[in-house]
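Reading through the structure tokens given below for one structure.
Each ligand, and each atom within it, is numbered from 1 in the order the structure gives. The model shown is predicted, which means the values in this text are computed figures rather than measured ones.
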Amino acid sequence: MSASAAHRAAGDDPGTLLARLDAPRAADLPVHGGRTMAYDSGLPGTEELAAAAHARFAGVNGLDMTAFPSVVALENDLVGAAARPLGGTAATAGTFTSGGTESCLLAVLTAREHARRTRGVSAPEMLLPETAHAAFHKAAALFGLRAVTVPVDPGTHRVRAADVAAALTGRTALVVVSAPSYAHGVIDPVAEAAAAAAARGVLCHVDACIGGWYLGQLRLGRRS
Ligand SMILES: Cc1ncc(COP(=O)(O)O)c(C=O)c1O
């Protein structure tokens with residue numbers, strides 16, 4: 001048997017194929033049990049249910065809503081469910097993305113266009129704490145912004161709002177803060193940084209890729 005025929009034969013057998021995927025995974029850190037920051041609900045059966053639900057839509061292209069109206073219905077449901085704990089109303093608009101990185105990319109693109117149209121900014125900059133997710137550096141490269149990194153407080157790992165305010169220029173298109181940050185899990189001074197940005201007509205994006213879900217729920221449970 002030739003090498004390519006042997007390769008094809010191995011690929012035809014689902015068991016062999018899955019075993020080839022399982023082998024390198026054995027050296028990975030466990031994603032259950034709290035040792036890594038993973039998306040482990042801790043509820044038995046949840047992961048299997050999510051995988052089965054995901055498989056139902058694996059062949060669907062969400063771009064074509066005439067062929068796949070199911071995706072539009074699901075998107076509307078999800079945007080509504082996400083908006084409610086964040087104080088949104090039935091009029092709140094949103095979009096469903098492929099994940100955190102795409103959401104960050106869209107926020108940067110929106111800010112670049114906003115700065116160009118409202119303030120005529122042609123060489124845009126983005127201010128971001130050094131702890132911000134790498135997705136923002138990808139966005140800067142993709143969309144032609146200069147990333148200006150602001151150091152964080154070495155004790156708290158939170159950016160200081162005064163440092164953000166001092167770094168704002170006429171070219172700033174976007175201020176980024178995290179709630180919480182990907183690697184350190186701390187919440188930047190969102191209100192203060194956003195106020196400093198707003199005072200200069202600059203948009204502020206809160207990266208709440210993780211916190212977007214649970215911070216809203218915590219607020220509901222706060223005692224007055
Ligand atoms: C704060 C934050 N921003 C961005 C991302 C990027 O999300 P994704 O890995 O889905 O692209 C993550 C991922 O965990 C995150 O925690």
Going through the distances and angles, do H205 and T110 end up as a side-chain contact (heavy atoms from CB on, under 4.5 Å)? CA-CA 10 Å; H205 177 69; T110 301; over 6 Å; no
Could you pull out all donor-acceptor pairs under 3.5 Å where a side-chain atom in residues 120-129 meets a protein atom, sequence neighbours excluded?
residue	atom	partner	partner atom	Å
E125	OE1	T169	OG1	3.3
E125	OE2	R146	NE	3.4
E125	OE2	R146	NH2	3.2
E125	OE2	R171	NE	3.0
E125	OE2	R171	NH2	3.3

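- Applying the salt bridge (Lys or Arg N to Asp or Glu O under 4.0 Å) test to pairs two or more places apart or on separate chains, none has a residue in residues 45-56.
- In this structure, V177 and D207 have side chains that are not in contact, with every pair of non-hydrogen atoms separated by 4.5 Å or more.
- For ligand 1, the polar-atom distance check finds an N/O of D207 within less than 3.5 Å of one of the ligand's N/O atoms.
- Judged by distance alone, the side chain of T172 and the main-chain N or O of L174 form no donor-acceptor pair under 3.5 Å.
- Distances between N or O atoms of C104 and those of ligand 1 include no value under 3.5 Å.
- Every atom of ligand 1 is numbered from 1 in the order shown, and the set under 4.0 Å from a heavy atom of P180 is 1 (C).
- Under a 4.0 Å N-O distance rule, the pair D153/R160 qualifies as a salt bridge.
- Contact annotation: S98 has no heavy atom less than 4.0 Å from any atom of ligand 1.
- Per-residue contacts place T101 under 4.0 angstrom from the following atoms of ligand 1 (heavy atoms of the residue considered): 6 (C), 7 (O), 8 (P), 11 (O).
- The G100 neighbourhood of ligand 1 comprises atoms 6 (C), 7 (O), 8 (P), 10 (O), 11 (O), with distances under 4.0 Å to a heavy atom of that residue.
- Using a 4.0 Å cut-off between heavy atoms, A208 makes no contact with ligand 1 at all.
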